[in-house]
Amino acid sequence: MRVAGYGRVDRGAALSFRFDGRPLRGFAGDTLASALLANGVRLVGRSFKCHRPRGLLAAGSEEPNGLVSVAGVPNLRATMVELAEGLEAQAQNAWPALGLDLMAVNDLFAPFLGAGFYYKAFMGPGRTWERVYEPLIRRAAGLGRLGRAPDETWRETAYAHCDLLVIGAGPAGLMAALTAGRAGRDVILAEEDAAAGGRLLAEDEEVDGRPGADWALAVARDLAAMPNVRVMMRTAVTGAYDGGTYAALERAAPGHAGPRETFWRIVAPRAVLAAGALERPIAFADNDRPGIMLAGAARAYLHRWGAVAGPRVAVFANNGGAARTARDMARAGVEVTGVFDAREGAHVVGSRGRQGLRAVTVEAGGRRHAVPADCLAVSGGWSPNVHLACHLGARPVWDDRLAAFLPPQDGVPGMVPAGAAAGVFSTAGCLASGVDAAVAALGVDALELPRAEDGAYEIAPLWHVPGKRRAWLDFQNDVTVKDVQGAAAENYRSVEHMKRYTTQGMAPDQGKSSNLLALAVLAEATGRSIPETGTTTFRPPYVPVPVGAMGAGGRGRRFAPERLSPANDAIAGRGAPTVEAGLWHRPSYFPAPGEGWEAACAREAAMVRNAVGVADVSTLGKIDVQGPVAGAFLDFVYANGISTLKAGRARYGIMLREDGHVMDDGTVARLGDDHFLLTTTTAAAGPVMRHLEFVHQCLRPEMDLRMVSVSDQWAQFAVAGPRARAVLGAVLEGGLPDPFPFMACGAVSVGGVAGRLFRISFSGELGYEIAVPARYGTALYAALLAAAEAEGGGPYGMEAMNVLRIEKGFLTHAEIDGRVTAHDLGLGRMVAEKDCIGRVAAGRPALTDPARPRLVGVRTVAAGDEMTAGALLFAKGNRPTAPNIAGHVSSVGWSTVSGRMIGLGFLKHGPERLGEVVRLVDRLRGVWTDVEITAPCFYDTEGGRMRG
Amino acid sequence: MRYSAWQVIRQGLTGNRGWAPVWRDPAPRPAYDVVIVGGGGHGLATAYYLAKNHGITNVAVLEKGYLGGGNVGRNTTIVRANYLLPGNSEFYSHSLKLWEGLEEELNFNVMHSQRGVINIFHSDAQRDAAARRGNAMLAQGDDAILLDRDGVRAMLPYLDFDQARFPIHGGLYHPRGGTARHDAVAWGFARGADRLGVDLIQNCEVTGISVEGGQVRGVETTRGAIRAGKVGLAAAGRSSQVAAMAGLRLPIESHVLQAFVTEGLKPVVDHVVTFGMGHFYISQSDKGGLVFGGDLDFYASYAARGNLPMAEHVMEAGVALMPMLARARVLRSWGGIMDMTPDGSPIIDRTPVGGLFLNAGWCYGGFKAVPGSGWSFAHLIATGAPHGPAARYRLDRFARGDLIDEEGRGSQHNLH
Amino acid sequence: MRIDCPLCGARDRREFHYLGAAVYLDRPGPAAGPEAWDAYLHQRENPAGRGRELWCHEAGCGAWLAVERDMTSHAVVSVRLAEAGA
Ligand SMILES: Cc1cc2nc3c(=O)[nH]c(=O)nc-3n(C[C@H](O)[C@H](O)[C@H](O)COP(=O)(O)OP(=O)(O)OC[C@H]3O[C@@H](n4cnc5c(N)ncnc54)[C@H](O)[C@@H]3O)c2cc1C
Ligand SMILES: [Zn+2]
């Protein structure tokens, strides 16, 4: 029902909307909640367990009952949904309809659905839980529907920095922001609501001789005009974190063109917590009927939106809110059918009405009587909004006079509570407290205070009215006073046990308006005081945050960076599918028309073996190390000796972790006496770089050297195959240097560009790698390919590269999987007698045990047999059970030179078992094969082709 | 009092006034045969199996806060036996078998739900690693199925198959994996132990361990000194502090792991799903909340709460894997203190102090271990000899190099 | 969490990489013996209060830092360049 002359909605701007399909009308400035009330809609939702009809309890984000779905987004608070033309909202958790919800039969079974009933029943036999009970429970539980369609909403994350973050734009927050802003400090004022003013919007109060809401509007305008102040409306601060970091969620106004939601990280060494207080109800029998709402909410609906839940209002409170509510309602011409002040011994003990309140039962002076009412405004007192002050683990402090918890001192370093959040409940007090807080936080000058009301807050605690029928505490989770008492009787006496057993406070509202009531009931049931009983833990977020806001960076391809080789365009132009390595995309194979991957791979491998191939190896990590003692440093970080390397030569190297396992392998090229270039595997480039800096800065700071990652600075290509010389001869200025023996390196010139040439091979063929500055990568790649094609060669990809290296027993991270030692890889002899990272730990007894699985080659006995990576190896005749596992296969490929599948793997006592036939078992993929154990090299074991 | 559907009805008809306390709340006695430090999942299960399997009932579990208030009451409840390496493989296999009869064993519905765990992989290399793991699981007698991309799509049609930064290649499906209700596991073991005569003593912090001549004599607590012939430590994230009371230094660094839950939703995610590229995993609780998490915050911590960078990363991974998740809203975040070891695997062993036994280093995988760990630790305490499936969880394995490093990350505590 | 890099100023935690306790600075010699190496690699004091640890300002200046921090409150007490010694 709308009250004439009340509310700040724009009566000139009518909006039509639908609730559960029903066409209704409201005004600009309405929330969905206020518009529903104005339309006489009291039933807005169904409760979680018993499907009880429920109406609005609150007017803010703490609303427990009015959860709706809008445009497929579930669980939105009707109180926070700003009305817009054409809005369609659906009620939730009702079937088939909100008004006629058949699931409400649950309520008849309520005696059997008490707290924790499910722990005591539905046990077995066998899988009946998964098959029968659990699906039933799951279907009955839950609130809104998520829907499985992808979410396309635009959301962003952002950073902000300020001297002072003011949380809440009520009277305290406005004054704090004004004080800091006038002093020239950088201020962010964040307010969850769409309008500034806080309670001033909800009460009939004057500040400085004008309506409080007008004063607030003017101050907010002044603040917004200051260049050093940023006013963030519709922005809920959701969490306090370490180091003065706060999280906040900003919602866009209806019709706003930018992102719908932005997740902010605000860095603020100082903050003023002016988040106000939340009102709590009083529990009594059947206190959940639609129409029963918080008194402060009833006043908010009246003053801010000109809406009341019905023509007859009764009031029940244990504090001054009783009189204030009655006064305001009466002034507005709403019939007040009764004011029941618990401090004077009047209690509401029951309610009537099917889907909405018709009357309340009152007990006063020992007599009961019914009082007609469409709306009961209830107040059990106010609880300072201590949430954020407790996010770092501090516990709130009980205050007997206010019958409420106050924020802890220094709960969040740099945060000063102010106003109602600090337990100051008069407007004048809040204004002053806001100024004081800013002064305390920043040491700035105080401002003069506006005039305002300064009434006292008097409360006589009353948490619940004893009675036989159910009295609700947690409306969302259907937790009653009896549930809490029952939990205590069953010895779930700790507040956490009570919470977890009854689910009190675990619903979407996190018990904002009910936790204290439940605590009080538990305290009473266990004979302890409320502070002795303690609170549960306050955890972020203060209000629920869309996963898609906090995780806005994860959508689609944004989830991780993509790294592309300098030759990427040329590669893509040849239609090569790519695989991911590290964050790089690398070509898998280069299919000829109509060719599948296997054929392409075999062709490319044969091409390298017989002619020449060109592969992009730009993605390998490259680290440039320079300094007079660089050689000694590398001796320390590589397991094998490096300093003995001569300038103009390269060497294979393995790096160990300090725990003795192999971290990575690659080549080290000595470009000059004081100048080395290391390569790492693609995925290990970052970790190796970090490790080297660690060793230098932390373990060998006295060593005079510098290093830098040059992975992105150089494009590099492998040219491999018997015709490699011809290809290089064609592109290098002045032809191929001569002599340029195996493992030589040196400077070259390519088309006037200074490059580097390395004679190294990952294929076992005559091979070179040639590098030029990255921007010439595409050009060089094209030139190399043209030259290669003239020699009957062409490009090859990762698949062929993999086969070629398996044939030679060269390693990748399929073998170097973080669990292997140099000993396991047959490289034990490379670990030189010197102090180097990992050498001591590699000598631990279990790591040198000959029974450890060690690197071997495997080839199928029968040429046509299959072999898979990830298969296990068993001695012939052993059953394929866990204790018998003798090893596994790490890499496989079809080897043209072997005419069968070959692979690398690890086998216990491996090197001692060459020639043995073992059983390869891949039960997962149904592969059972006899394989022969070989040395891990299948091709050109003498290495003549590579060196030749 | 036996719990059953009939009991629920009977009590319901009489106003639910007749329920017996779930456990007693005794004051500590001056001496016990065995004292267990820590009333989490492992401590409670140990006490239960000491009484049940070994007839040792003169036992106290000392808990500094409330029973089940540590990690057992704040984990993401995944129960699985999908390990690769000897040591873990047999241990978790044994534990899962115990889970499969736990409701009947405890007469408490722990809601063990074998809804299946699916690990998504994104490359051939990851597929091969998954295959090796799956084959090890099968060899251990557990179950594993390798799904290709279409197989995953048929089960999890809501994943991002089209736009994803890391395309989905397939998944390793472990049908017997699933979830359970964490609190119920703690309460079920607590009630079971209490009914067998074990004293569960809450608000009783162990502040000292008395050792004489290399032999443990008892503990000091905030509720007085308690003598004991044997003391078992099961203090999870606090293991280092408690062991230090006996002069021991442990190969453990404590780290914080965060987790998140959304508002209640109607059923939408029916399995446990993990993302191979984003350290993200998710399941839906029976109440409807989507429960998910990711990696450690990566810095040492005793604060059971985390910070934004990891929280955001987890959300990003969630959105990347399951675009529908973007419109679900996170209701609550929390953290627990993880006892991280240098190889990511736990310790169940004797200590250099006679009569003092150690159960620690569960990292973020100790919930699924609760029954198996209780069983094996009870066996060790009762008999003095390691229990088969847990025999490799030795304290000296780091010094010896006999590591159980599932992730292959090496001896850095926070990388597992 | 924010760490005050001596070279760059206060920066968000996400710019830094954590390694572990600052014992990593005290690498034993090659002949120190198995116990010293076990202690270095594995055993940790793991204080539930102030401790010293190593972080790298990886997404900043690249400096390795010795950070004194309270593991319970997460308060950063002091930050020094690791190369300046422990
Ligand atoms: C966010 C998160 C997600 C996780 N997800 C999973 C998962 O999905 N699957 C899985 O298997 N595992 C998971 N875990 C790990 C698992 O929860 C733990 O490994 C396991 O619970 C630890 O064993 P516990 O239950 O005995 O520990 P806790 O429950 O922590 O028990 C230790 C107890 O010791 C008490 N204590 C400590 N010091 C003292 C003292 N001085 N005196 C007396 N008492 C003391 C503590 O108060 C505590 O109650 C997760 C953990 C977290 C935090
Ligand atoms: Zn820096």
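Convention: sequence-line order gives letters A, B, ...; per-chain numbering from 1. When reading the values below, keep in mind they use all heavy atoms of this one structure, side chains included, and skip hydrogens, waters and symmetry mates.
- Using a 4.0 Å cut-off between charged nitrogen and carboxylate oxygen, B/Asp183 and A/Arg500 count as a salt-bridge pair.
- In this structure, A/Arg138 and B/Val268 approach most closely via the heavy-atom pair NH2-N, 3.9 Å.
- Under the 4.5 Å side-chain criterion, counting only non-hydrogen atoms from C-beta, A/Glu134 is in contact with B/Ser113.
- With a 4.5 angstrom heavy-atom cutoff, A/Ala507 touches chain B only via backbone atoms.
- With respect to the salt-bridge test (charged N to carboxylate O, under 4.0 angstrom), the residues A/Glu496 and B/Arg74 do not qualify.
- What you find for B/Glu104 and A/Gly124 is that their closest heavy atoms are OE2-CA, 3.6 Å.
- Using a 4.5 Å cut-off on side-chain heavy atoms (C-beta onward), A/Leu924 and B/Met137 make no contact.
- When heavy atoms are compared at a cutoff of 4.5 Å, A/Tyr501 approaches chain B by way of both its backbone and its side chain.
- B/Ser333 places a side-chain N or O within donor-acceptor distance of the main-chain N or O of A/Pro540, the cut-off being under 3.5 Å.
- For A/Ala560, the parts sitting under 4.5 Å from any heavy atom of chain B are the backbone and the side chain alike.
- Inter-residue side-chain proximity for B/Gln412 and A/Arg657 is flagged as unmet; no heavy-atom pair is nearer than 4.5 Å.
- Expressed to the nearest 0.5 Å, how far CZ of A/Arg852 lies from CG of B/Asp402 amounts to 8.5 Å.
- Of the possible donor and acceptor atoms, one in the side chain of A/Arg127 sits under 3.5 Å from a partner among the backbone N and O of B/Gln114.
- Neither the backbone nor the side chain of A/Met663 comes within contact range of chain B, judged by heavy atoms closer than 4.5 Å.
- Looking only at atom types and distance, the side chain of B/Gln202 has no donor-acceptor partner in the side chain of A/Arg493 under 3.5 Å away.
- Considering only heavy-atom pairs separated by less than 4.5 Å from chain B, the leading option among A/Ala581, A/Gly548, A/Ala842, A/Ala814 is A/Gly548.
- Annotation: side chain of B/Asn16 is not in contact with side chain of A/Phe112 (no heavy-atom distance under 4.5 Å).
- Between B/Asp270 and A/Arg148 there is a salt bridge, with a side-chain nitrogen of the basic residue lying less than 4.0 Å from a carboxylate oxygen of the acidic one.
- Taking the six-membered ring where the residue is Trp, B/Phe108 and A/Tyr119 present parallel rings, their angle staying beneath 30° rather than reaching 60°.
- Closest approach of A/Asn75 and B/Gly264 over heavy atoms only: ND2-O, 2.9 Å.
- In terms of non-hydrogen atom pairs under 4.5 Å with chain A, the most contact-rich of B/Gln284, B/Arg332, B/Glu100, B/Glu103 is B/Arg332.
- With a 4.5 Å cut-off on non-hydrogen atoms, A/Thr153 does not touch chain B at all.
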- Pair A/Asn491-B/Asp25, side chain to side chain donor-acceptor pair (under 3.5 Å): steps then yes or no: CA-CA 8 Å; A/Asn491 252 347; B/Asp25 204 353; 5.2 Å; no

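- For the salt bridge (Lys or Arg N to Asp or Glu O under 4.0 Å) test, no residue two or more places apart in sequence or in another chain qualifies with B/Arg10.
- Contacts between A/Pro845 and chain B at a heavy-atom distance below 4.5 Å involve backbone atoms as well as side-chain atoms.
- Two rings, from A/Tyr118 and B/Tyr3, have their centers 6.0 Å or more apart.
- Looking only at side-chain heavy atoms (C-beta outward), A/His661 and B/Leu403 come within less than 4.5 Å of each other.
- When heavy atoms are compared at a cutoff of 4.5 Å, A/Leu656 does not approach chain B at all.
- In this structure, no portion of A/Leu67 lies under 4.5 Å from any heavy atom of chain B.
- For A/Leu76, the parts lying near chain B are the backbone and the side chain together; criterion is any non-hydrogen pair under 4.5 Å.
- Between the side chain of B/Arg165 and the backbone N or O of A/Pro561, at least one donor-acceptor pair lies under 3.5 Å.
- Ranked by heavy-atom pairs shorter than 4.5 Å toward chain B, the options A/Arg145, A/Glu152, A/Arg844 are led by A/Arg844.
- Of the possible polar contacts, none joining the A/Arg539 side chain to the B/Trp334 backbone as a donor-acceptor pair under 3.5 Å is found.
- No other option in B/Gly288, B/Ala304, B/Ala131, B/Ala20 has as many heavy-atom pairs under 4.5 Å with chain A as B/Ala131.
- Interface remark: A/Tyr133 contributes no atoms to any contact with chain B (heavy atom separation under 4.5 Å).
- Contacts of A/Asp151 classified as salt bridge (Lys or Arg N to Asp or Glu O under 4.0 Å), with partners at least two apart in sequence or in another chain: A/Arg155, B/Arg327.
- Residue A/Lys482 touches chain B through its side chain alone, counting heavy-atom pairs closer than 4.5 Å.
- Annotation: the span from A/Met798 atom CE to B/Asp124 atom CG amounts to 10.5 Å, rounded to 0.5 Å.
- Contacts of A/Val495 with chain B are absent, with no heavy-atom separation under 4.5 Å from either backbone or side chain.
- Top candidate by heavy-atom pairs under 4.5 Å with chain B, chosen from A/Val579, A/Thr537, A/Thr868, A/Ile885, is A/Thr537.
- In this structure a side-chain-to-backbone donor-acceptor pair under 3.5 Å is missing from B/Asn135 to A/Leu872.
- Interface remark: of the candidates A/Ala140, A/Gly147, A/Pro883, A/Gly660, A/Gly147 forms the most heavy-atom pairs closer than 4.5 Å to chain B.
- If you measure heavy-atom distances from A/Asp849 to chain B, you find no contacts under 4.5 Å at all.
- Interface remark: A/His391 contributes backbone atoms only to the contact with chain B (heavy atom separation under 4.5 Å).
- Using a 4.0 Å cut-off between a side-chain N of Lys or Arg and a carboxylate O of Asp or Glu, A/Asp817 and B/Arg132 qualify as a salt bridge.
- Ion pairing of B/Glu316 with A/Arg555 is absent here, as no side-chain N (NZ or NE/NH1/NH2) approaches a carboxylate O to less than 4.0 Å.
- A salt bridge links B/Glu312 with A/Arg265: the closest approach of a Lys/Arg side-chain nitrogen to an acidic carboxylate oxygen falls below 4.0 angstrom.
- With contacts defined as side-chain heavy-atom distances shorter than 4.5 Å, the pair A/Leu146/B/Leu290 qualifies.
- Within the model, atoms CZ of B/Arg400 and CG of A/Leu847 stand 10.5 Å from one another, a figure rounded to the nearest 0.5 Å.
- Rounding to the nearest 0.5 Å gives a distance of 9.5 Å between CE of A/Met123 and CG of B/Leu106.
- Proximity of A/Leu143 to B/Lys266: side-chain heavy atoms (C-beta onward) are nowhere separated by under 4.5 Å.
- Counting only heavy atoms from C-beta outward, the side chains of B/Val330 and A/Pro544 never approach each other to under 4.5 Å.
- Rounding to the nearest 0.5 Å gives a distance of 9.0 Å between OG of A/Ser890 and CG of B/Asp128.
- Between chain A and the residues B/Val22, B/Leu102, B/Leu13, the most heavy-atom pairs under 4.5 angstrom are made by B/Val22.
- The greatest number of non-hydrogen atom pairs below 4.5 Å with chain B, out of A/Phe874, A/Phe122, A/Phe117, is found for A/Phe122.
- In terms of heavy-atom pairs under 4.5 angstrom with chain B, the leader among A/Glu261, A/Glu562, A/His497 is A/His497.
- Although no hydrogens or angles enter the test, the distance criterion places a donor-acceptor pair under 3.5 Å between the side chain of A/Arg557 and the main chain of B/Ala164.
- For A/Tyr492 and B/Trp23, the distance between ring centers is under 6.0 angstrom.
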